[in-house]
Amino acid sequence: MGEDLGKEAVIVALWRVHVELEDRPGRLGELATAVGRSGCNILSLHVVGEPADDGSVTDELLVKVPEGIEPAGMVAAVEQAGIPCSLLVRADATELADTATTALALARMVAADPGSAPQAVATLLRARIVEPGTPGVHTLRVGTAQVHLTRTWPFTATELSRAAALLELAAQLSLAGAPSPAASRLDPILLLRDGSEVRLRTATPADVPLIAAMHARSSPESRSARFLTAARRLEPEELDELTGPHSVLALTIDGGSAVGMVNLSRRSAFAVMVEDAWQGRGLGTALVRRVADLAADQGASELTAVTHTQNMKVTRLLRRAGLRPTAEISGGMLHVRAPLTATHATL
């Protein structure tokens, strides 16, 4: 049953770094060595800029900087290796999603609703949509479509060409005819207490790969708290049981990664899991509130859970969700019950 309850928030210090990397053998290894020697770790790397006259390209890194290490020290180590750094800005856990998966998820969103293309472009570029006269605005034009964007670092031609492809897709779909209201309906967006956002929707069989990936990314502690085992891989039948009308999935705004989910059994037992990097933001509490509503809708009078005896955090999560749980140890496990409040009870 594992969640963000009572656990100290896991703060992942991520920084976006742009480097100008020469196209010669061994240069990428020298970059990784320089970052490693500074005590930091490269979590992802991809090309964001077009080749310069000397053949170098702009690579974007997401670097994890441990507490106590100054990001400027990491940059100094890279530049001492003869690799210029052109950008250093803070990033967040949402950017750990695979870029190809994110792009495909955004294309799917645009295919369902061509009108969502401006927001899809902004998400792809990690930018904000602004008014035309805003200082530092960049206007992306494809045919008659215009999107006014801004962010704290420059756009590259490579990035803009990728974004333009989304606008072109939207334009072609619009010419083919408007989508049905059902196809264009968007999932509800939840604003978390640190300002980040997730989409909440029912988990379907198509989400099994996303759920499996979230499970594998989570720590052994989080996996054990939710599934009573720290196994890194779930069996196909276990994954299938995590989808359906009583399973709520939390996804990144682009839909490319699952970051949390809650499941309700027919007997009103619930289990919730939030990926470690997303814990401490209130997502676990929000998911429990959602599952309480689901339980009330099916006529349940309480929520129940079974977890490890040391996982008293689940009771704190229920209290934060506005419930009043009780717990007892039986058979070496912690059994938790939480009566649904008047606002949840079925009339």
Side-chain angles (χ1 to χ4, degrees), residues 1-12 14 41 43-44 62 64 92-102 104-105 108 187 190 192 196-265 269-288 290-291 294 305-308 310-311 313-314 317 333-334 336:
M1 270 268 12
E3 275 352 289
D4 59 340
L5 307 168
K7 172 179 178 178
E8 294 262 337
V10 178
I11 301 174
V12 180
L14 295 178
N41 184 34
L43 300 182
S44 71
L62 282 182
K64 182 178 180 180
D92 61 52
T94 64
E95 299 176 46
L96 291 175
D98 175 68
T99 52
T101 302
T102 296
L104 289 170
R108 182 177 60 186
D187 305 316
L190 174 67
L192 302 178
S196 55
E197 296 177 328
V198 294
R199 290 187 183 276
L200 297 182
R201 63 169 170 77
T202 300
T204 70
D207 295 316
V208 162
L210 299 182
I211 297 170
M214 176 184 68
H215 179 79
R217 290 193 305 267
S218 297
S219 67
E221 293 77 13
S222 290
R223 294 197 294 265
S224 179
R226 166 58 181 86
F227 294 98
L228 306 182
T229 172
R232 186 177 178 84
R233 181 177 177 273
L234 293 173
E235 295 301 322
E237 56 271 21
E238 293 178 295
L239 287 167
D240 289 341
E241 290 175 358
L242 297 177
T243 65
H246 296 121
S247 296
V248 178
L249 195 62
L251 303 121
T252 52
I253 287 296
D254 55 40
S257 293
V259 296
M261 74 178 307
V262 66
N263 311 99
L264 181 70
S265 74
F270 81 100
V272 61
M273 184 177 191
V274 175
E275 184 179 342
D276 293 61
W278 285 79
Q279 293 178 17
R281 308 185 190 199
L283 178 55
T285 303
L287 288 171
V288 169
R290 179 61 66 95
V291 83
L294 287 176
V306 178
T307 185
H308 296 299
Q310 66 270 29
N311 188 22
K313 299 171 186 176
V314 66
L317 180 59
M333 302 298 290
L334 183 70
V336 181

Provide the closest heavy-atom pair for [X] versus [Y] in the form atom of the first, atom of the second, distance.
X	Y	answer
Ala203	Ile211	CB-CD1, 4.5 Å
Leu287	Val262	O-CG1, 3.6 Å
Met214	Ser218	O-OG, 2.9 Å
Arg232	Ala216	NH1-O, 3.0 Å

What's the separation between atom [atom1] in [X] and atom [atom2] in [Y], rounded to the nearest 0.5 Å?
X	Y	atom1	atom2	answer
Ser222	Phe227	OG	CZ	11.0 Å
His215	Met273	NE2	CE	6.0 Å
Leu242	Asn263	CG	CG	5.0 Å
Met333	Leu228	CE	CG	4.5 Å
Leu251	Ser257	CG	OG	8.5 Å
Leu200	Arg290	CG	CZ	5.0 Å

A side-chain contact here means heavy atoms from C-beta on lying under 4.5 Å apart; do [X] and [Y] qualify?
X	Y	answer
Arg223	Pro220	yes
Leu249	Thr202	no
Leu283	Leu190	yes
Lys64	Leu14	yes
Val314	Phe270	yes
Asp207	Arg201	yes

Practice task
Please name all residues satisfying salt bridge (charged side-chain N to carboxylate O under 4.0 Å, His left out) with Glu235, sequence neighbours left out, ordered by chain then number.
Solution key: Arg233
Fill in the blank from the handout: For Arg217, the salt bridge (charged side-chain N to carboxylate O under 4.0 Å, His left out) test, sequence neighbours excluded, returns Glu275
Using the test side-chain contact (heavy atoms from CB on, under 4.5 Å), find all partners of [X] that sit at least two apart in sequence or belong to another chain.
X	value
Ala269	Ser265, Thr304
Pro209	none
Leu294	Val248, Leu264
Ile253	Thr123, Ile189, Glu197, Arg199

Practice task
May I ask you to decide if Glu221's main-chain N or O and Ser224's side chain share a donor-acceptor pair within less than 3.5 Å?
Solution key: no
Practice task
Starting from the C-alpha separation in whole Å, work towards a yes-or-no answer on side-chain contact (heavy atoms from CB on, under 4.5 Å) for Val306 and Val336.
Solution key: CA-CA 6 Å; Val306 178; Val336 181; over 6 Å; no
